There are 2 protein chains.
Amino acid sequence: MTATDLDSRVRAYGHEIFARLDRSGPTPLTRAWVDDQLMGLTMDNPALKVQLFRFVDCLPYLHDPVDISRHLREYLGEARDQLPWWARLGVKFLPKGGLGGRLLAAAARSNAEKMARKFIAGSNVQEAVDAVERLRTQKLAFTVDLLGEATITEAEADHVQKQYFDLIDGLTREVNTWPEIPEIDRDDRGPIPRVNVSVKLSALFSQFDPIDPKGTGRAVAARLRPILSMARRTGAFVNFDMEQYSFKDTTLQIFRDLLSEPEFRDWPDVGIAIQVYLTDTEHDLEQLLDWAKNTRKCPVWVRLVKGAYWDYETVIAAQNHWPVPVFTEKWQSDVNFERLSRFLLTNYAWLVPAFGSHNIRSISHAMAVAEELKVPSRRYEFQMLYGMADPIKDVLTSLGRRIRIYTPYGQLLPGMAYLVRRLLENTSNDSFLRQGFAEGVSEEVLLRNPSESSFVIRPSSFEKSTMHSVNGQAGSSHTGGRMTTDETRFQNEPLADFSRAESRAKMRAALDAVKAQFGRSYPPVIDNKPVASSHWLDSVNPSHTKEVIGRAGMATVDQANAAVASAVKAFDSWRDTPVAERAAFLRKVADGFRTRRWELSAWIVYEVGKPWREADADVAEAIDFCDYYAAEMRKLDAPQHRDVPGEGNAYFYEPRGVAVVIAPWNFPLAILAGMTTAALVAGNTVVMKPAEQSTVVGAKFMEVLIEAGLPPGVCNFLPGVGEEIGPTLTTHPDVALIAFTGSLKVALAINESAAKTPGGQNLVKKVIAEMGGKNAVIVDSDADLDEAVKGTVDSAFGYAGQKCSAGSRAIVVGGIYDQFLARVVEATKSLTVAPATDPGCSLGPVIDAESRDRIKRFIEAGKKDATLAVQADVGKLAEEGYFVGPTVFADVPETAAIAQEEIFGPVLSVIKAKNLDDALRIANGVKYALTGGVFSRSPENIAKVKKRFRVGNLYVNRKCTGALVDRQPFGGFKLSGIGSKAGGPDYLLQFLLPRTVTENTLRRGFAPETA
Amino acid sequence: MTATDLDSRVRAYGHEIFARLDRSGPTPLTRAWVDDQLMGLTMDNPALKVQLFRFVDCLPYLHDPVDISRHLREYLGEARDQLPWWARLGVKFLPKGGLGGRLLAAAARSNAEKMARKFIAGSNVQEAVDAVERLRTQKLAFTVDLLGEATITEAEADHVQKQYFDLIDGLTREVNTWPEIPEIDRDDRGPIPRVNVSVKLSALFSQFDPIDPKGTGRAVAARLRPILSMARRTGAFVNFDMEQYSFKDTTLQIFRDLLSEPEFRDWPDVGIAIQVYLTDTEHDLEQLLDWAKNTRKCPVWVRLVKGAYWDYETVIAAQNHWPVPVFTEKWQSDVNFERLSRFLLTNYAWLVPAFGSHNIRSISHAMAVAEELKVPSRRYEFQMLYGMADPIKDVLTSLGRRIRIYTPYGQLLPGMAYLVRRLLENTSNDSFLRQGFAEGVSEEVLLRNPSESSFVIRPSSFEKSTMHSVNGQAGSSHTGGRMTTDETRFQNEPLADFSRAESRAKMRAALDAVKAQFGRSYPPVIDNKPVASSHWLDSVNPSHTKEVIGRAGMATVDQANAAVASAVKAFDSWRDTPVAERAAFLRKVADGFRTRRWELSAWIVYEVGKPWREADADVAEAIDFCDYYAAEMRKLDAPQHRDVPGEGNAYFYEPRGVAVVIAPWNFPLAILAGMTTAALVAGNTVVMKPAEQSTVVGAKFMEVLIEAGLPPGVCNFLPGVGEEIGPTLTTHPDVALIAFTGSLKVALAINESAAKTPGGQNLVKKVIAEMGGKNAVIVDSDADLDEAVKGTVDSAFGYAGQKCSAGSRAIVVGGIYDQFLARVVEATKSLTVAPATDPGCSLGPVIDAESRDRIKRFIEAGKKDATLAVQADVGKLAEEGYFVGPTVFADVPETAAIAQEEIFGPVLSVIKAKNLDDALRIANGVKYALTGGVFSRSPENIAKVKKRFRVGNLYVNRKCTGALVDRQPFGGFKLSGIGSKAGGPDYLLQFLLPRTVTENTLRRGFAPETA
């Protein structure tokens, strides 16, 4: 059949469907129906849509009518400026409380519930059974989906498993007793399972993470295998749902692995969903075909869908500067759907097609191609969503087609996420249903071949071509392309995407390569030359303390003085080096980091026990600091002019002199490199002291500096014991600036001693210090618990709580406390404590024995002051390394030591607050002000927290760690910091002195016009 | 005669002149002639023109051929980018030394001398006599002008007087013996003086200053009277030249006063130049007519000229935001010339016309109007410049007109200023001569009525309408117009123009009004309420110590604590006050200053002994601080966003808390207001401690704050003794920030004690401090001595040296030392030491007895270390107030106390340097780095000094004091300052803390597009 012929057939099918379709009544998605649901307005108003859907999203959490009407008011209030005048008035007069408020709340809730019931079949197995019974009376097959909260604890994963048991058991027990309906219970060859269940793999393992496909696969399989066994035993079909892109490869892997197992390899009643909006789907289908045909030798079903995470995927890609995995234009997905429909229909013997679409063009296309390829019409089926596109279902049924309805059931509360996704889909501009039913777009347009839209050239491939190569995609070379772009622009270095096999392989190779280099010596380096060291310190792997990473030469006081003298000597020439050259030097250092990226990450994993992803982020942040400070310094290099006729005035900056950089071990590369490169690009020369615990990573940084062409003396590497050489450095009369990151105690001591200006010292020292935090995450009563629990656990236990930004207090408002605490405790128990080298490690060791002992003392003290909710046992890991099990205290008094002091370990204090004001009071009631977080879905509460939770970095509805250079300049005040934020627009100013030069250009009464 | 008829006559005269004119030969100002002089290129190249003229300007100072060729290379090198390629090549290959260099130097010098000789008649009286003799042979009359250096010492003024005696004597002795030439020695009624001399009044008094017309008039008259007597006695004519606009009224006043004296009132042989480019000339002529006709009853001559200071006047006006006194378009001056020609010809009986112009249109117009009014053609004359427009002179002579040649004579060296002015004039685009001779513009165009150009609308009156009213011009009202303009824009407040009688009258009135308020009491003010004081301190007038300005209540330690508590209490609400409101408050404070401007200046004059002009600048600077910080805070108020899809990131600022402001007495309003308003607009609350010596001015500032609507507690006024309450304030645990300006010793003590962070103090204090300076002015060997001497003296002795910015060291390079020292000594002797209330005061008292005694100790020490060059005697002023005579030490060793320590008094150390590198080493060889200056005419040396003289504020070819807010942000480093520059773009940041708020806007996989 020619393409034109095919297209005629497609149109013919399409027109036939349209002809039978009743598009006039108030069926779902006609404008009238939408209006009923208060949703009509949102179609033309994106801001209002967001607000209303957000309201619907949090509605189930709201119990008090006052609370409901308050949220409605707040959400609509935020969108006010975009509402028509009559709606603005309406918002203004929304009742706040009293009878009006109660009525409003009841109406809102009942409307939302009504909407939910359109799309969700019921809240328990029996209701699901009733629903599918109703569907079958309409000759509609079904597949049941279990709606649920995100699985963030192993207990929840167990519960999900049990629900599947109950579901399969409950359904098969009943449905199989019902009379056969041949139209849906048979294909062209015979009976097919009546009971059909869809499963989401991420629901079956709380630590589902593509960074560790093996561990994840093992855990998922352990829970899924009994489900599959039961299904096979009872004659049910199981379909693997597909979730976000990053889970795709792991999901496919688990699907293939499990169904290759002897028990399941000849079982045909299994399928998997494949998303055509992904650009690499065709490749996946080819692999799947090859596996089914050649390895498994037994067919599987493929549910072809467009994909429901488009917004999420594009946002995540944009946020990470990763390639966008989805087609950016709807028509591209439609084209792909047709291409892959043909692929499936061509290979229907091995990949049994199920077309999941409401798009009449896509459906007609599948029918026409099937006809062309002579695929029996009952060998494939169509699938549609419960509550949607019912008229189309009716038509297809009347045409004798088999339609399977994706039928979600579950609690209204967790189901809201599903509901909101459906609402978004329906009101999207690109939605076929919206266009076809609500907008009244013509049949001709709706049935047009989507590839006809392809002449519109869109820059959809642009983002890919500018990607960095860390994740293996093609991109511009780092040194080549970069220099021609604007030197004042900055873009964050993308993090490694560990869902990619290539990234994981590189990390493993680097870990191996680095291990082979253990045991080398790293002496101080002055004037670019190593200097003799008499005192050596072993750097050990905190995950395996028997492993000695390397030997660090500790500098003497004489060497400290020599390092300062070297920096003094190098200063004049470095100061006079043009900023463009100093900035180019930083770019070279960044390129050095890129070249040695995996190696440096591996050193970090080994030396400070940091898990893969965070070690990679450490290197990426170091790269960011170089690029950012280079760009910022280029900006500052341009003098600010205030010229007037006859007088030129220029305001510009010069470096301060010799800077001493004293860095911590917890970001052994990023913070050391950040402080050092800031000082350097500003024109200062540096004496750089890494932490004793991370000297080897410091030495690697020094290698990168020298490889990048560091002139001798401009930066001297001075590992050493703080107590021994610290005072020499910080009180040296030639030291103009001290940049320190570390403990409060040391920072205050440095600040105090540096402020003494003895006679003969012709400068007042500048101190920049980043100290600790006692950061709190406020959990509001309407918080999304899935996010709040995960965000709190991540904040508290990321890198074993050894970040200044760690959220070590959770302050929970009122009613949500018990629920929150229970899930946090379970989520904590579910964490994978492991050596940092293990990709599945969610919590590694702490840095050293001193740290471990200090944390344990805090835990002991906590047991006296509060209720120990959980202290995970680390088992025999305790013998291997410095492991401390993640610990949660409940009902912590706000004044307890564990609620006031920085612990710098995996200890979370959960504190109850009466209300948000109380929470804010508690949150602010510590001596630190570094980071903070809040989880809330009340626009007004969020605004209040933004204003009144006074910390350096506040995070709304996400974890309170992981600040990115430029995007989230980092640092706090009170006793958390002296100076301005690292990676922010004012940071470099601290390393500079402003000067003004005024030139009188009026001579003999005459001034040049160009002055 | 109708206008049209007149115009025909004008054209007829014009065409006749042109017809007789030979425009073809290489006479001066044809292109060929200019090319000969290497000047042709400059006509099309403004940058090159400036460079070449600057070279010519400094050439006479250069003796060494190497020096000459170096300067030529440097000047041309700076213009390189604007040269054609062949000229660039030429510059590149200019010889540096050797024979080539010597030849180049000789050629440059000889060319310049040749040029100079075209315009300057000779270098001594005999050469002048010879020149006028030559002129007379061509039937040209003359008026001789004495070229000279600027008169900056009384010795120079005496010398000028003597030169006039010699000139008049020499000329009359010879010229009067020569045969009469009736064409030039007679008018229509009889003989007129053959000898004609022009005098510049400013040459006759070194302290010529329109702020004190009486004093200036007295001094000028004392030297001019004998000259006039001699002229009258010997039959010579004396013409008063007109200089810059600010001298005009004083010059006219002196002219009228002297010539109203009995000895001269019936003497007709006197005249005055009147500049038609000034917009108020007509008024001046009317006054002159009225005086000559009705008071003096004897005619005077008026030389009508266009005016030679156009560039200077527009630049000065623009720099000061003063109304531009000149017409901004050339044609407007031409129109005015014609209008005022008619005025003179109408009143020729009283104002005898002399038309000073080379413009054939202007000349023809005068002839036509004279004809119309029937003025005898010999009753008026034309005047032209020596060496210029010679063909026109020939034509007019041949037409029987009387032409008088303005004939300068004098040393080549000081004459260069005159030469450069002539060169500029000739090469200006608007120049009639350039257009007529070099450009070949047609006769029709050249003879066009200038008022025909008037249809071109130019915004020439714009600047006037936006003026502030301090100087009495109309302008927008302060509060009304301002608020509608961009709130982030800033413009310096214009200083009072004391050349305006109105300004002087207002100042006098304010001094009287304030005096009536002496003796009041000024207690501390906490929570906007005065508090009881038990310890009172008298504030006395340092010019007259018997005068008690007021009584200041000294705060107790308890009151200091209460003030901090008040500020703590007020903080939350002030912090939460929108920035727009806080900025508006500052604008109101600025308006309060404007309203009370003269009164505040008067208080400053009285309380701290600051002369008028500097007291006014103090208030203007306080206004600037308010407006500038208000504008800057508006800029900082806009959060910096780094939004990505699904994530909003905002970086913004918040205040630190309670700020303690400790201010000095030397800028009793500006610095106090600057530090305080910066803290306030940033949202901090303030405890404000003025210096003990300037409590009353501080109290006035507090009044202004309260009048502007200061909320209680937001700023508390806490006068007191530093030693008593200082430590309480600076170590108070609730004080977040200390802004201090004062002595190094106190600053370091504050810095040290503030850096202690005791337990329970949950913040690390921020200290901003502006300390002292030991500022140097480098005088290069090619410096323009007129400017260097004046600039050095102004820098050293302004406000009796009591500015941190004062230039207390002059470091003089090699050969110029003796010449410089001699003039500095004489200039110092010439200063008018007087009470600050006296408008003629160039040096008032120092602040108090302690200060006086300290300065005297330094002087005594200096006498041991160096050579006392001058110590002015203050006579009986010493009994009246705290007067110290201005003192200059010569041959000061760079290590002497007077060359190293800040004296804060009128003491200047002159230090000899071997060369510029040596000068830079000495200049940088002190513990301070605040301000500095350099006088040089070597582009490369200027560049070197800009780079290597490392001070906060460097001034090239002007005094090193008088920094303006925004234009010259002020402050230094080393031991001169902690923190960033006041009045600069980074200042407010110090009062602020940055915060970042990150909001995850991705919910349920969906992010609003508007995130």
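This one's a predicted model, so the numbers in the text were calculated from it and none came from an experiment. Labels below follow one simple rule: chain letters A, B, ... track the order of the sequence lines, proteins then strands, and each chain is numbered from 1.
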Enquirer: May I ask you to test the A/Tyr651-B/Pro985 pair for a side-chain heavy-atom distance under 4.5 Å?
Expert: yes
Enquirer: Sequence neighbours excluded, which residues qualify as ring pair (Phe, Tyr, Trp, His ring centres under 6.0 Å) partners of B/Tyr987?
Expert: B/Tyr629, B/Phe991
Enquirer: Does a side-chain N-to-carboxylate-O contact under 4.0 Å join A/Lys946 and B/Glu999?
Expert: yes
Enquirer: Which answer fits B/Val951, side chain, backbone, both or neither, if we ask what part of it has an atom under 4.5 Å from a heavy atom of chain A?
Expert: backbone
Enquirer: When you check the gap from the basic side-chain N to the acidic O, do B/Arg54 and B/Asp57 get nearer than 4.0 Å?
Expert: no
Enquirer: Apply side chain to side chain donor-acceptor pair (under 3.5 Å) to the pair A/Gln968 and B/Asn649, showing each step before the final yes or no.
Expert: CA-CA 7 Å; A/Gln968 291 111 9; B/Asn649 290 294; 3.1 Å; yes
Enquirer: Please determine if B/Arg950 and A/Asp572 form a salt bridge, counting it only when a charged side-chain N lies under 4.0 Å from a carboxylate O.
Expert: no
Enquirer: If I measure from the heavy atoms of chain A, does B/Gln990 come under 4.5 Å with its side chain, its backbone, both, or neither?
Expert: neither
Enquirer: Examine whether an atom of A/Phe490 lies under 4.5 Å from a heavy atom of chain B, and if so say whether it belongs to the side chain, the backbone or both; otherwise answer neither.
Expert: neither
Enquirer: Counting only non-hydrogen atoms closer than 4.5 Å, does A/Glu654 touch chain B with its backbone (N, CA, C, O), its side chain (CB onward), both, or neither?
Expert: side chain
Enquirer: So for A/Lys947, is it side chain, backbone, both, or neither that comes closer than 4.5 Å to the heavy atoms of chain B?
Expert: both
Enquirer: Side chain, backbone, both or neither: which part of B/Arg948 has a non-hydrogen atom closer than 4.5 Å to chain A?
Expert: neither
Enquirer: What part of B/Leu975 gets closer than 4.5 Å to chain A, counting heavy atoms only: side chain, backbone, both or neither?
Expert: both
Enquirer: What part of B/Asp784 lies closer than 4.5 angstrom to a heavy atom of chain A: side chain, backbone, both or neither?
Expert: side chain
Enquirer: Going by an N to O cut-off under 4.0 Å, is there a salt bridge joining A/Asp986 and A/Lys981?
Expert: no
Enquirer: Salt-bridged, B/Glu787 to A/Arg1003, with N to O below 4.0 Å?
Expert: no
Enquirer: Could you look at B/Arg656 and say if it's the side chain, the backbone, both or neither that has a heavy atom under 4.5 Å from chain A?
Expert: neither
Enquirer: For B/Cys960 and B/Gly932, which heavy atoms make the closest approach, and how far apart are they?
Expert: CB-O, 3.6 Å
Enquirer: Quick one: what part of A/Ile942 sits under 4.5 Å from any heavy atom of chain B, side chain, backbone, both or neither?
Expert: side chain
Enquirer: Relative to chain A, which segment of B/Leu989 carries a heavy atom at a distance below 4.5 Å: side chain, backbone, both, or neither?
Expert: side chain
Enquirer: At a 4.5 Å cut-off on heavy atoms, which part of B/Phe970 comes close to chain A: side chain, backbone, both, or neither?
Expert: neither
Enquirer: Can you say whether B/Glu313 sits under 4.5 Å from chain A via the side chain, the backbone, both, or neither, judging by heavy atoms?
Expert: neither
